[in-house]
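Have a look at the structure below before the remarks.
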Amino acid sequence: MPELPEVETVCRGMDKALRGRTIAEVHTHREGLRAPFPAKLAEKLAGKQIIHCRRRAKYIVAELDNGQNLVIHLGMSGQIFLMAPGHIYKQRKHDHLIMKFDDGSQLAFNDARRFGIVLLLDKSELETHPSFRDLGPEPLERSFTGKKLAQLLAGKKTDMKAALMDQRVVAGLGNIYVSEALFLAGISPKRKAGTIKGGEADALVSAVKKVLNAAIKAGGSTLKDYRQADGELGYFQHRFAVYDREGKPCPGCTCDVKKTRGITRIVQGGRSSFYCPRKQA
DNA sequence: AGTGTCGCCTGAATGC
DNA sequence: TGCATTCAGGCGACAC
C-alpha cells in the first residue's frame, strides 16, 4: 500500500542509484499489469540516460535524456528492487519488469497484485495525460495551505475520508495517511468535507504535512544501505497512531479502553477508516 | 458534474 | 491438513 511517503522513499533511492545511468537492457515478463506495458518499451528505453527520478502524487517519474519520462505507479503491492553492480540477479515470483544499466546496476519491478502501471510519456503529457491532468496539489508544497484546502473542499457533500482520498483534492494520500492525518487534526472521517474551513483547515493541513514528513523521515533511515543485498525499496516499519489499531488505545489515551473500546474501525466507500470517536469530532 | 459502487489481482489470515 | 472464504486497497470504469 505505497502512499506518498513510500513512493518518495523509492524515488530517492532510485535517483541516488540511477541518476546519470544509461539503460542497457529492458526485459518484461508479461504483457503488462493493470494496463499493457507501452508498445516496444524495451526498444524505446535502451540507450537512454536517466536524468533524474522524482515523484508526482504516487507516481515515480524518471526523466530520460530524450525528453520522455518513464512513469511507474506501484499500485497496491508494487515494489522496486535495486541491485548494485555485481549482484547476481535471481528472478522472484512477480518480477514483471527488469532494467539493466551501463554500470551493472539492475532494477526489478515486482508487483504481486498487478495493480501497478508503467507509462512512457512526453514532457507535455505529464500535464495532459488522464493520470496526471486532474491531480490536486502536492501536500508538502508551501502553496498547500489551509485556505487552499478549504477552497478545494467548499461545497463538497462527501465525507472527509473520501475527500482526502480523492487525488483531485490533494495528491498522494491513501487510506493509511488519511486516517493518521484526520486523527492528528482531531477531525472525524465522517465530517462533511464542505464544513472544513478556517482553523480546522489549517490544523488539517499541518497534520497532513506532519504525518507525511515523519513517514518520509522513517523511510529515509531505511534507505541507508539500500544498495546492499537485494535493495528492496518501498516498505518500511512505521508506527501508526490509529491505522490498523482497532480496539487499542490511541496515543495519549486516558479512556478506560474496556468501556470505550478504543480506536474504532468503520467502513467508508468499502474501505476501512480508523479513528477515535472521543478525540475526532 | 458530483457522488457512490464495483472490479481488477494475489497472498495472508481466518474459518470449518 | 486442506480447502474455501474473506480481506487488503489505488484507481479507472460505470451508474445514477
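What you see is a predicted model, and the numbers here were worked out from it, not measured in a lab. A, B, ... follow the sequence lines: proteins, then strands. Residue 1 opens every chain.
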Checklist line | Heavy-atom side-chain proximity of A:K58 to A:Q167 below 4.5 angstrom | finding: yes
Checklist line | Interatomic distance, A:L153 CG vs B:dT3 P [rounded to whole Å] | finding: 11 Å
Checklist line | Nearest-angstrom distance from the residue atom CG of A:L152 to C1' of B:dA1 | finding: 16 Å
Next item on the list: Check whether any side-chain nitrogen or oxygen of A:Y243 sits under 4.0 Å from OP1 or OP2 of C:dA8, and answer yes or no.
Entry: no
Item checked: Distance in angstrom units between A:K58 NZ and C:dC11 C1', rounded -> 8 Å
Checklist line | OP1 or OP2 of B:dT3 under 4.0 Å from side-chain N/O of A:K156 | finding: yes
Note to self: Without decimals, in angstroms, what is the distance between A:L33 CG and C:dC11 P?
What the structure shows: 14 Å
Notebook entry, point to check: Mapping A:R265 and A:P130 onto DNA chain C by nearest heavy atom, which one lands closer to the 5' end?
Noted result: A:R265
Note to self: Check this one for me: any side-chain N or O of A:R114 less than 4.0 Å away from OP1 or OP2 of B:dT10?
What the structure shows: yes
Check: Within the pair A:S272 and C:dA8, is there a side-chain N or O less than 4.0 Å away from OP1 or OP2?
Finding: yes
Checklist line | DNA chain C: 5'-proximal contact among A:N175 and A:Y59 (nearest heavy atom) | finding: A:N175
Next item on the list: Output yes when a side-chain donor or acceptor of A:E246 lies under 3.5 Å from a complementary backbone atom of A:F274, and no otherwise.
Entry: no
Checklist line | Length of the NZ-C1' vector between A:K192 and B:dG4, whole Å | finding: 12 Å
Notebook entry, point to check: Rounded to the nearest Å, what distance is computed from the CE atom of residue A:M76 to the C1' atom of nucleotide B:dA12?
Noted result: 11 Å
Note to self: B:dT10, OP1 or OP2 - any side-chain N/O from A:K93 closer than 4.0 Å?
What the structure shows: no
Margin query: Please confirm whether the shortest side-chain N or O distance from A:T158 to OP1 or OP2 of B:dG2 is below 4.0 Å.
Written below: no
Notebook entry, point to check: To the nearest angstrom, how far is A:H94 atom NE2 from B:dA12 atom C1'?
Noted result: 12 Å
Notebook entry, point to check: Are A:R92 and A:F81 in a cation-pi contact, defined as NZ or CZ under 6.0 Å from the six-membered ring centre and within 45° of the axis?
Noted result: yes
Check: Taking for each residue the nucleotide of DNA chain B bearing the nearest heavy atom, is the 5' side occupied by A:D159 or by A:R271?
Finding: A:D159
Next item on the list: Nearest whole angstrom, please: distance from the P of B:dG11 to the CZ of A:F115.
Entry: 12 Å
Note to self: Starting the side chain at C-beta, find the nucleotide from C:dC11, B:dG11, C:dG9 nearest to A:A112.
What the structure shows: B:dG11
